[in-house]
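Notes follow the structure.
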Amino acid sequence: MKKFSDFNLSKELEKAITAMGFEEATPIQAESIPIAFTGKDLIGQAQTGTGKTTAFGIPLLENVDMSNNGIQGIVIAPTRELAVQVAEELNKIGSVKGVFTLPIYGGQEISRQIRSLKKRPQIIAATPGRLIDHIRRKTIKLDNINTVVLDEADEMLNMGFIEDIEAILAEITSDSHQTLLFSATMPPRIRSLAERFMDNPEYVKVKAKEMTVKNIDQTYIEVRENQKFDVLNRLLDIQSPELAIVFGRTKKRVDELVEGLKKRGYSAEGIHGDLSQAKRDQVIRQFKEQMVDIMVATDVAARGLDISGVSHVYNFDIPQDPESYVHRIGRTGRAGKKGLAVTLVTPREVNHLKSIEQLTKKKMVKEPIPSYEDVIAGHKQEAINSLTKIVEENSYSEYKGIAETLLNDVDSIDLVAAALKLLTKEPDQTPVKLTDIAPLRSKGPRNDRGGSRGRNDRRRPGGRNDRGGRSGGDRDRNRGERSRNDRSRNDRARKSKTSK
DNA sequence: AAAAAAG
């Protein structure tokens, strides 16, 4: 086990790291920090939650020359929240040295950012679009850059930012600078980017075993689409998570879930890309401060967000992309704590679940749909917990006199039982209907024929056989016959085309 | 197909 004290850090950084309570380095930190200190370019293959930010943050901050007041370090991240988080982390580690990191991202008033830039940050943590905007306006100059970090490079590729990244890297005019690239996977496009813009990089990989999510219990529940919301409510009641993230597959879905959860009395807020940046920032803040217990999110919050105390992740919708599953559940079980991830799966999605299991190399445990009785039991347990907690806190001296008088007339067991009954929540049955069901369904013109559509969907995996059928259909058409059968075959053929 | 990011 490597410790931070083994790295020969500058006094300032050592002090900050100790103050943050860091002692032992994670594997990615242990491997990449010494290499980065030699000044070489570095590719680190590691997922989020492995301590990546500190792994690149330490060399980045050490490289800052306090006598130079230009921007010397730049971190590029795929989402705005990530840029903010990286900046916060760097400000913590760099505080003693006096290094100022400014987050730069879209959706925020640009004039305000330009004003902040006048405070001369040494490091910028940015999303690609807004960074390019500033470079064009010449409000950010790249001629003093000595360290460039590409965070979550593969995700930036997936999101179509690769051209932006190339444009930014091409703008960096300082003769010699160090480039650190971090990515969970290494697709060819990222390799070629590295070849073009990096100088003989060293390659560091955190083994798959260390990136898996060992302190997260993973379960799934098979449910019908229209049961999902009630099942989620039951789970929330039974498990009463400290902080939970609920992932939905669309922005509309997230809005509806928030509305439904609020109707049922939960403290929930949503986050997705169509909300104003001010709202997004606010939700993250409230959730971090535990003013809000449940954050409902699209995959915007799947990656990298490090919020301590997230005890539960609920996949209200199974993620389409198995990679995304790993990232989503990685929001819990952080910093050595236990986490629980529950995925709701409709019967037709069970195969998809298996493909996720292949990636994680871990079987999810199937749980039954929790019963109404389980909910009642959960509520009772919660009442007991809150009562005993108050007893432990011993903060009720003003009631003791009344209690004694009461006990003269009422049996003590009756009294405690009554108190528990009073404390036990009634399960909320407010009707909530989600309209955004939008399963993977054909967009054929005859959407009203629900029954046959379902059948076709189930057959879709055998689509290859249908192709043979279609040539038969073609022959029929040549004969000028348009039977009902023919039409449905046609639908299927169209579908197998679109599914490619 | 959806999500993310520049207005």
Side-chain angles (χ1 to χ4, degrees), chain A residues 48 75-86 103-114 124-140 150-168 171 183-184 245-257 270-281 283-284 295-305 315-328 331 346 348-349 352 436-444 447 457 460 494-500:
Chain A
T48 57
V75 182
I76 310 174
T79 69
R80 296 169 182 177
E81 280 72 17
L82 223 46
V84 170
Q85 182 177 291
V86 167
I104 287 289
Y105 52 94
Q108 212 187 35
E109 237 184 288
I110 196 149
S111 55
R112 215 175 96 196
Q113 278 177 1
I114 292 172
I124 296 290
T127 48
R130 183 56 72 88
L131 177 58
I132 289 186
D133 196 355
H134 278 287
I135 294 172
R136 298 228 171 96
R137 290 165 187 258
K138 306 210 184 300
T139 43
I140 288 182
L150 302 177
D151 197 8
E152 308 263 356
D154 54 347
E155 187 56 15
M156 297 203 276
L157 171 73
N158 289 344
M159 288 171 20
F161 300 156
I162 198 81
E163 284 88 1
D164 290 351
I165 304 297
E166 288 168 351
I168 294 165
E171 290 284 337
S183 196
I245 305 181
V246 178
F247 284 102
R249 61 185 287 277
T250 66
K251 294 181 269 204
K252 188 170 168 228
R253 181 82 143 178
V254 166
D255 289 338
E256 290 186 352
L257 275 168
I271 181 165
H272 60 65
D274 275 0
L275 296 172
S276 75
Q277 193 53 42
K279 179 73 182 168
R280 283 166 62 170
D281 292 345
V283 170
I284 293 273
M295 183 165 82
V296 188
T298 59
D299 277 331
V300 68
R303 286 188 179 238
L305 280 195
N315 289 311
F316 192 80
D317 301 303
I318 192 167
Q320 301 295 110
D321 173 15
E323 288 276 334
S324 165
Y325 173 84
V326 180
H327 290 292
R328 285 183 181 187
R331 294 320 96 219
T346 62
R348 71 163 71 144
E349 290 164 344
H352 185 52
D436 183 26
I437 298 176
L440 309 153
R441 177 173 285 183
S442 99
K443 285 182 290 185
N447 257 349
D457 267 6
R460 201 167 42 167
R494 194 183 307 131
K495 217 172 303 159
S496 72
K497 245 187 223 162
T498 52
S499 74
K500 283 208 167 155

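Quick note on labels: first sequence line is chain A, next is B, and so on, each numbered from 1.
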Quickly work out the [X] [atom1] to [N] [atom2] distance and round it to whole Å.
X        : N     : atom1 : atom2 : answer
A/Arg130 : B/dA4 : CZ    : P     : 17 Å
A/His134 : B/dA6 : NE2   : P     : 10 Å
A/Ile76  : B/dA5 : CD1   : P     : 15 Å
A/Glu81  : B/dA4 : CD    : P     : 9 Å
A/Glu109 : B/dA6 : CD    : P     : 16 Å
A/Gln277 : B/dA5 : CD    : P     : 7 Å
A/Arg249 : B/dA4 : CZ    : P     : 13 Å
A/Leu82  : B/dA3 : CG    : P     : 19 Å

Scan A/Gly160 against the nucleic acid and name what it touches under 4.0 Å (heavy atoms): base, sugar-phosphate only, or nothing. nothing

Mind checking A/Arg137 for me? I need base, sugar-phosphate or nothing, with any heavy atom below 4.0 Å counting as a touch. nothing

Does [N] have OP1 or OP2 under 4.0 Å away from a side-chain N or O of [X]?
X        : N     : answer
A/Thr298 : B/dA4 : yes
A/Lys251 : B/dA4 : yes
A/Thr127 : B/dA6 : yes
A/Arg80  : B/dA6 : yes

From A/Tyr325 OH over to A/Asp299 CG, what is the distance, rounded to the nearest 0.5 angstrom? 13.0 Å

Where the side chain of A/Val300 is concerned, which of B/dA4, B/dA1, B/dA6 is the nearest nucleotide? B/dA4

side-chain hydrogen bond (donor to acceptor under 3.5 Å, both in side chains) filter on A/Lys252, not counting sequence neighbours, yields none

A/Ile76 and A/Leu131: side-chain contact (heavy atoms from CB on, under 4.5 Å), yes or no, with the steps? CA-CA 9 Å; A/Ile76 310 174; A/Leu131 177 58; 4.2 Å; yes

Could you tell me whether A/Lys251 and A/Asp255 make a salt bridge, using a distance below 4.0 angstrom between a side-chain N and a carboxylate O? no

Are A/Val84 and A/Arg80 packed together at the side-chain level, in the sense that at least one heavy-atom pair is separated by less than 4.5 angstrom? no

